[in-house]
Amino acid sequence: MPSGEYDPDTAEPTWQKRWVDDETYAYPDAAADPDTAFSIDTPPPTVSGSLHWGHVYGSILQDIVARYHRMAGNDVLFPFGYDDNGIASERLTERELDIRHQDYERREFQQRCREICLEYEQEFTEKMQAMGISIDWNNTYRTISEDVQRISQLSFVDLYEQGREYRKKAPAIWCPECETAISQVETEDDERDSHFHDIEFALTEPTASGRDSFVISTTRPELLPACVAVFVHPDDEENAELVGMDAEIPLFGQTVPIIEDERVDMETGSGVVMCCTFGDQTDIEWYQAHDLDLRIAIDESGHLTDVAGEYEGQSSTDARESIVADLEAAGALVDRRAITHTVNVHERCGTGVEFLVTKQWYIEVLDKKQEYLEAGREMEWFPEKMFTRYEHWIDGLQWDWLISRQRSSGIPFPVWYCGDCDTEIIAAKDDLPVDPLSDEPPADACPECGHETFVPESDVLDTWATSSLTPLINSGWDHNGEEFVMDRPEIYPMDVRPQGHDIISFWLFHTVIKCYEHTGEVPFESVMINGMVLDENREKMSKSKGNVVDPDAVLDKYPVDAARFWAAGSAIGDDLPYQEKGLRAGEKLIRKLWNASKLVDSLTPDERVDQPEELRAIDAWLLAALDEEIEVITDRLEHREFSKARDRLRTFFWGTFCDDYLEIVKERDDNSAAYTLQTAHERFLKLFAPILAHVTEELYQDMHATDGESLHTQPWPEPLDIAADRAAGERAIEVIGALRKYKSDNGLPLNTELGTVEVYGDVAGFEDDIQRVMQVEELAVREGDAPIETVQTGIDLEYSIVGPTYGGQVPEIEAAIESGDYEIEDGHLHAAGVELDPEAFSIEETRQYSGDGEFLDAGETIVIVH
RNA sequence: GGGUUCGUGGUCUAGUGGUUAUGACGUGUCCCUUACAAGGACGAGAUCGGCGGUUCGAUUCCGCCCGAACCCA
């Protein structure tokens, strides 16, 4: 029996524990078939970080989807992944154990990582469980596990065999701090303070007009030794005479050609720019377009090479200072001024990136941009508009996907090279996972040249190369020696991929490419893009701003269900500000649900009441109205319109069920009422269950469960199709509303007895209910028209008819009506020379009553109170 | 710089080419009515960001401007 006040502090942990112990949310592997299986590809959080409010928000939305579909008859697979394969957990392990990964064999260090990460995984598990997320804890994976390593390496081998991967010496984006190549998507732009240096370059011989030098502007004078050309814009008349001549680089002395190219930005500096190996992406384009020399002046650690002569060995920052000083001494530095400009930095460490020529592994993507775009189109997007973002992102891709990283920790490339001819030796699929640094290659001699020694590849795979495989991890993708197979083919493609909108292009593109290439199918039926969590002032939460909401603090203060209610108040894709009032509204609803349940409980017997032969009109009306609500709410949930589903349900429950129905029914004691109360109440619990997971379970177990089965595995309500006079019910509710207003307007307590009330309108079957709830001594329902006068006060045009028909004449018609210059004959309106059919206008009138008592307007029904 | 989205009572928000623009929070008045006063009833409160255009009619469609967020360069 629900009694007293609801105590979430006790109830919530109790149910959370029960759900886990009973494996309430276990995926029924054996029973699942592709038609009923419903799988969610949850994005695995980085476990080395802590759980933040954005996780709470995203997880709750996923959980609502999972719970709804589970009740709607699907076999739901709601797995969980711990992402601990990456630099973050590597650093974490070093910190925790006070070790350096360099001091360990890679395989051994990874073992340490696995151990350290376990503790952090446990914390995530506890927190997800403490939010009542209906994850199947038998279905979890760790991206650091050997299984995942195998899948990741299988993926590499498969793409290699398909010819989708290549190794090439080419300009690559390089982080000198992390000393690794990175991909385009790992860089971001940042505003940095810097200096513009105007440097004078001498021509090897004067121009026809006698000019013997020019000035270039650069923020990176340390790249002078890497300079291979100078560029002028074709429209640059002033400098046109330089094109075709040669220039000598100050201090370093190399001679470079002066070339014209429209990629020169004429607005910046003197309009003459130097091209180096490589200062930026344009330099690379020039290098490729004009077949320029390579002069590599900066090495992998950001130090100058022998190309820089006496500056060799200096860091690029030091070299900049020295070179500037020497330029000044040589009289070549014309000017130096502070500026702020945008630089390309590594998003992880903020270091400005370099463009180095190195040998790296790539996945070819540029040739299939169109195909990947089409693949994206095959998925259903919630919200739809997010597809555009994916589209534009693909359009903007300029590089193939660079997947090799020069790090000592991570998932190794399963590759060796012939010590003599560099032929690639790829690991056998059966042997995976392998680590070439520890394992032997699957060949005794090079198949090309017969050489017998091999060089292991020491690079590791980009973590995105692995995290883009989650649909395959969840499906148990593997190779059985003959072909690729899945443990759970029924869940692939997965039904939903949830993700924050800030990184959709990133993950989705990678995941689509990989899974699509491996299986020939798009990995997802649908994607669900949630917005960002903002603070109370609608600003994005960030550690640096200090406006981060701590989940523990919030959940200390509010029930989890209140947080769930808040999270469900979002339109999918839109950002959602954290608002305490949203959580308080959740608490209020929980309390209302609890109190209403107490009342229902007190009005009904413990045993289940069978449906009576005949339901009373008000009862049939309520159940029929609820049917319609169920239909709408179900549709909203199907379309991930959480806020609409939530608000619709709340409004109907609070307004119609509590304020209207319960007030009417609460003094009744009959089978029809008991049946209706039990049925409606149970249905409300089910409808609220995906959102208010805990309080509904508590109430369900107390009031409805017979076998201890969880509410969350019960079937979603279907329409009862009970016959009811809905219109009469609405009229009755309007009459009650009018009488309430009458009492309120007259300052009367609601339980004031009323004498005689006349009702002109069909409220058949509801008379007793109106009479009892409004304390009416005598209720007289009258046939025929009410004894009231109607006074015509104007004409309302039905513009949706009049507008299209009469167009520009409408103002004339309006003017005629306004001035009273019209007639109504046989129901037709004559004005401004046109005749309007009855449906094209309505007569606006006010109703007056001059008899005894007071006249109340209850919509189409007239009520007279004596 | 390019793209996407958004701008609606004090705050947050729904929604629509056609009467009086939805709801919540807050606010005012009244009501202890035997589930809930953290409740109920009834009010007040909006030039729908600005300027143009299309239209008989624009908060809605189009263009520009202003402002915000995000993604990309």
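Chain letters run A, B, ... following the sequence lines, proteins first and then strands; every chain starts at 1.
Among the heavy atoms of the strands lying under 4.0 Å from Lys666(A) is at least one base atom, whether or not backbone atoms are also near. Among the heavy atoms of the strands, none lies under 4.0 Å from Glu667(A). Lys588(A) comes within 4.0 angstrom of sugar-phosphate atoms only, judged by non-hydrogen atoms across all strands, and of no base. Note on Lys741(A): only backbone sugar-phosphate atoms sit closer than 4.0 angstrom, heavy atoms only; bases stay farther off.
Whole-Å rounding puts the Ile590(A) CD1 to G39(B) P distance at 14 Å. Between Asp659(A) atom CG and A35(B) atom P there is a gap of 14 Å when expressed in whole angstrom units. Computed from coordinates, the Ile529(A) CD1 to C71(B) P distance equals 13 Å when rounded to whole Å. Atoms CZ (Arg591(A)) and C1' (G39(B)) sit 10 Å apart, rounded to a whole Å. If you measure from atom CD of Glu391(A) to atom P of G3(B), you get 14 Å, rounded to the nearest angstrom. With rounding to whole Å, Ile284(A) atom CD1 is found 14 Å from A73(B) atom P. Atom-to-atom, OH of Tyr742(A) to C1' of G40(B) comes out at 19 Å; the value is rounded to the nearest Å. Straight-line distance from the OH atom of Tyr558(A) to the C1' atom of A38(B): 12 Å, rounded to whole Å.
Between Arg584(A) and Glu587(A) there is no salt bridge, since no side-chain nitrogen of the basic residue lies less than 4.0 Å from a carboxylate oxygen of the acidic one.
Here the side chain of Lys644(A) is nearest to one of C36(B), C12(B), A14(B), namely A14(B). Considering only side-chain atoms of Glu663(A), the nucleotide from A35(B), A69(B), U11(B) that sits closest is A35(B). Candidate nucleotides A41(B), A35(B), G15(B) were compared by shortest atom distance to the side chain of Arg740(A), and A41(B) ranks first. Each of A69(B), C70(B), C25(B) was ranked by its minimum atom distance to the side chain of Asp575(A); first place goes to A69(B). Here the nucleotide nearest the side chain of Trp654(A), chosen from A35(B), G39(B), C25(B), is G39(B).
Under the 6.0 Å distance and 45° angle rule, Arg636(A) does not count as a cation-pi partner of Phe642(A). Remark: Arg650(A) qualifies as a cation-pi partner of Trp654(A) under the 6.0 Å distance and 45° angle criteria applied to the six-membered ring.
C12(B) and U47(B) are spaced 15 Å apart, taking the P atom of each and rounding to whole Å. A gap of 16 Å separates the P atoms of A44(B) and U20(B), to the nearest Å. Taking the P atoms as reference points, U29(B) lies 35 Å from U19(B), given to the whole Å. Separation of the C1' atoms belonging to U13(B) and A24(B) is 8 Å when rounded to the nearest angstrom. To the nearest whole angstrom, the two C1' atoms, one in G57(B) and one in G10(B), are 32 Å apart.
OP1 or OP2 of U13(B) has not a single side-chain nitrogen or oxygen of Lys581(A) nearer than 4.0 Å.
Under the 30°/60° scheme for interplanar angles, the aromatic rings of Phe657(A) and Phe684(A) are found to be tilted.
Scanning all heavy atoms of the two residues, the minimum distance from Ala562(A) to Leu583(A) falls at CB-O, 3.4 Å. Thr696(A) and Leu593(A) make their closest contact through CG2-CD2, 4.1 Å (heavy atoms, listed as atom of the first residue, atom of the second, distance).
Comparing Glu5(A) and His501(A) along RNA chain B, the residue whose closest nucleotide (by nearest heavy atom) sits nearer the 5' end is Glu5(A).
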